Structure formats: structure tokens, C-alpha cells
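Reading through the C-alpha cells given below for one structure.
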Amino acid sequence: MKRIKCSQILVVLALMAMSACRDVNKKAIISETAGTNMQTPMESTLQQTNFDTIIDGRAVKLYWLENKDLKMAITNYGGRIVALLTPDQDGNYVDVSIGYSSIKDYVDSDETYFGATIGRVGNRIAKGKFSLDGTEYSVVPNNNENALHGGENGFQDKVWDAEQPDTKTLILRYTSPDMEEGFPGNLTVKVTYSLTDNRAVRMEYEATTDKATVVNLTNHTYFNLNGEGSGSILNHSLQLYADQFTPVDQGLIPTGELKNVKGTPFDFKDFNTIGSRIDEEDRQLAFGGGYDHNFVLNGTKSNGMNHAATVVGDLSGIVMDVYTQEPGIQFYCGNFMASENTLKSGAKDDYRTAFCLETQHFPDSPNQQDFPSITLRPGEVYHTASEYKFSFR
Ligand code: BGC
């Protein structure tokens, strides 16, 4: 293993300053040699001390996972991915996930979902209300009149217990108390992050409850496959293995219909750039301010999972394939990003400089009888897994 010299540190600092300029042609060059143990600039940027703190009386830390291909930083505050480093075709590590460089930024920022574990119910519940076994429950609305991502203080704000059994695995546990955010039942949740031998980040979720409840867990990483801070994602190419999506109303609540994507800007059955049709006149695009919709996965099986999406970074050639056991995926392309926050690369979180592919059951499922159910009962085990696999072309 090579030792980092002072001159190398200066080069690294210069590169970081350059990336803050957000020149679209500039990739977030991370290291000379991928696959070695050499510390990348992102690792030096993410100071452990900026993540060591106590929240709600519980210790918060930054954990690094690493295998021969990937490196990933996760904090147990919100069970969130802070950095995800994958090599491009030249072997340079690129940080493809958006995040902040300190816990303070995560706590203070108005955008609280970067990289986070989302729960108890991902995406929207209309007016925050739902009935289960004849009882009506109310979740505090936090997105106009609707509840988004588990209400005001969802799982992204919780400190999870962390256990790192080996260098490529992190297990996070959280027990959400009965009626937290208005949801019934004590829900015991376990999330396992791991780096697999075939270049994937695997997320595995388990939950049990002591009262009937609703559960729809996901991860909310914002990706830019050219590297955090490298500009728009509109030239990324996207393929979604979905013939249908769930149209929404103005508040982004599904109408209940499953609409065929054929002949619409939502047809990503073949590769298309994210931006090629985003400005077309289309009611659904207008409601979402762009893409912010759930796609109904065809169920194209690969290793026992649904192949959900393939995305290619136009500048880096980095490819991300998403696989999941979930029936749907929320494709959100950063329409609400507003340059209000400074990211770990020094860049701002500019409009549409990241996209999310959140594997999930469909939004507003508790109120939509024809959607797959998200009810979990005592004695049942909620179990689901998703993988984000990286390669390059
Ligand atoms: C939602 C968006 C929301 C974003 C928040 C997505 O899952 O669908 O409407 O703005 O999360 O980061």
C-alpha cells in the first residue's frame, strides 16, 4: 500500500477545489488507482470528527464499507449513504451519490432525504390518513396536505443501532414505537447494507410488528453517475423495465390507474436520455415538475429479483443497474433541488443534478385497494431486498 505524501494531498485539495466549479466536463476524479486501499480524496473530505456526535442521547458515527470494487460511507443517523465510490472505465473512483460532509449539515438542511433509509411508509399517503381493520389513523402531513416518507420525523431522522460484522457489511436496527408519527404498532426494523462480489450495493430490509400496521421501506439515494457536483443528469441515459406507471393528481397522489407508457414521455422501455422529453407538454410531467412517478415493474427476473432500471452516466460511462424484489420504483429527477445546500464536493444541490430510483410498493398504497398491500400483521415478517450494481461501458 502506498503512503499518501504531502504533495499528493495538495493535488487532492486542488482537485476538490476544481470540482467545486462544477464544470460539466469535469468528472469527480477520485483516485489514481481503483481497487487499491489508497485513501481517496472523498475519504479525506469526510472527516470522521464531523460525523461523531450524539443525537437523542445516542452515538452517531460514519462507517466505511469496502470491497475490491466499491467503497461506501454510511452514517447511522438516518441509516444513510453519505458517499458511494465506484471506478469509471479509467479506474478512477467516482463518488456517484449526493451527500453532505457533516452531520450538522444533515440536521440543519431542509433537504433531509439524501441517501436516507425511508420509513415507515415511503412516498405519499393522501392527507396522511388511512384505515386499517376499521380504525382510522392520521400521519402528520409534511408535504402540503399529504404525508411524505413517513411523516415529519421519518426514519431519516432516527439514530440507528449499528453493527459492522465485517468490512463490507453494516447492519442497522431501529424500533419505531407504537403510534410514532401516527402509525400503529411497535415496528422492529433491520436494514443490512452490503457490498457484493459482483459490484453491487445490496440493501436488505426486515421488519416485524406487534399490531397490524403499514410498511414500505426504501432508500433515497440521489445519484449522479458522472460524479457528485458534475452538473445536470438530463443527458444520462435511462432504461426502465416498466410498461406501466401510476399517474398522479396535482398533489402527486396516484389516481389508482395503471397507465401504459406507450406513446408518452414515460416510455423508457428502450434507452432514452432523461432530458429528451422532459419539457414536452404533458399533464403528468406538469404535475411532477418533471419525472416524479412510480413505475410498475414488469417483473423481468434476474437472480430472483426484478430488473428495474439501467442508467448510464454520459460523461463517466458508469452504468448502474437496479434490481429489486419490490413491485415498483419511484423515478424522481431532482425537480425540487434548488441550489440551497452545499454538498460534500463543495458544489450546490442544483436543479436536476441528481436522480433517485426508489424501489418500493406503490405510493398511497394504504388507500388504494387495487395496489399490492403494504399491511404487516403480528407474526408476519416483512422482508425485501434491492441491489444497485455498477459497471462501465
Ligand atoms: C418524492 C418527491 C420528493 C422527494 C424528496 C421523492 O420520493 O416523490 O416528490 O420531492 O422524494 O426528496
Side-chain angles (χ1 to χ4, degrees), residues 78-82 97-100 105-128 139 141-157 203 216-224 228 233 238 240 242 245-255 266 274 278 284-297 308-309 311 322 324 326-341 343 348-365 367-368 371 374 386 388:
R80 67 183 81 230
I81 296 177
V82 174
S97 75
I98 304 311
Y100 299 126
D105 288 348
Y106 282 105
V107 173
D108 292 348
S109 154
D110 59 348
E111 174 49 80
T112 58
Y113 300 119
F114 287 158
T117 296
I118 299 294
R120 183 177 301 201
V121 174
N123 214 277
R124 291 173 176 80
I125 296 178
K127 299 192 170 69
V139 182
N142 59 338
N143 186 252
N144 303 317
E145 57 176 5
N146 302 318
L148 175 66
H149 296 329
E152 268 189 318
N153 297 297
F155 288 1
Q156 80 282 353
D157 290 333
M203 299 160 189
N216 187 16
L217 306 179
T218 190
N219 175 274
H220 208 313
T221 295
Y222 282 62
F223 295 99
N224 183 323
E228 185 198 275
I233 43 87
L238 170 68
L240 283 170
F245 73 108
T246 50
V248 289
D249 66 14
Q250 268 167 319
L252 296 181
I253 298 296
T255 60
F266 292 80
I274 292 175
I278 203 166
Q284 285 300 314
L285 284 175
F287 287 162
Y291 298 104
D292 190 355
H293 294 77
N294 171 67
F295 286 74
V296 181
L297 296 174
V311 199
V322 185
T324 184
E326 288 298 298
I329 196 160
Q330 184 81 10
F331 170 46
Y332 166 63
C333 66
N335 308 313
F336 297 113
M337 297 174 81
S339 315
E340 277 163 4
N341 304 296
L343 305 173
K348 290 278 188 199
D349 59 340
D350 294 333
Y351 184 54
R352 294 183 178 159
T353 53
F355 66 92
C356 304
L357 283 169
E358 303 148 63
T359 58
Q360 61 182 8
H361 272 54
F362 306 166
D364 199 31
S365 286
N367 295 310
Q368 303 274 354
F371 286 180
I374 62 166
S386 297
Y388 294 75

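What you are looking at is a predicted structure, and each value in this text was computed from that prediction instead of being measured. Both ligands and their constituent atoms are indexed starting at 1 by order of listing. Throughout, residue positions are numbered sequentially from 1 according to the sequence presented.
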For atom 7 (O) of ligand 1, which protein heavy atom lies nearest, and how many Å away is it?
Glu358 OE1, 2.6 Å
Distance alone, cut at 3.5 Å: any donor-acceptor contact between the side chains of Asn224 and Thr353?
no
Roughly how far, to the nearest 0.5 Å, is the CD1 atom of Ile274 from the CD1 atom of Ile233?
4.0 Å
Verify whether the ring centers belonging to Phe331 and Phe245 lie closer than 6.0 Å.
no
At under 4.0 Å between heavy atoms, what of Asn335 touches ligand 1? The answer is neither
Measure the CG-OG1 distance between Asn219 and Thr117 for me, rounded to the nearest 0.5 Å.
5.5 Å
Location of contacts on Tyr222 toward ligand 1, heavy atoms closer than 4.0 Å
side chain
Would you mind checking which non-hydrogen protein atom is closest to atom 10 (O) of ligand 1, with the distance to 0.1 Å?
Phe336 CD1, 3.1 Å
Which of the atoms of ligand 1 are close to Tyr113, meaning less than 4.0 Å from one of its heavy atoms?
5 (C), 12 (O)
At less than 4.0 angstrom from any non-hydrogen atom of Arg124, what atoms of ligand 1 do you find?
1 (C), 2 (C), 8 (O), 9 (O)
Option with minimal heavy-atom separation from atom 6 (C) of ligand 1, where the choices are His220, His293, Gln330, Gln360:
His220
Tell me whether the rings of Phe266 and Tyr291 are parallel (<30°), tilted (30 to 60°) or perpendicular (>60°).
perpendicular
For Glu111, the atoms of ligand 1 under 4.0 Å from one of its heavy atoms are 12 (O)
So Asp349 and Phe114, do their side chains get closer than 4.5 Å, heavy atoms only?
yes
Quick test: of every protein heavy atom, which one is nearest to atom 1 (C) of ligand 1, and how far off is it to 0.1 Å?
Asp292 OD1, 3.5 Å
Rounded at 0.5 Å granularity, tell me how far OH in Tyr106 sits from CD in Gln156.
12.5 Å
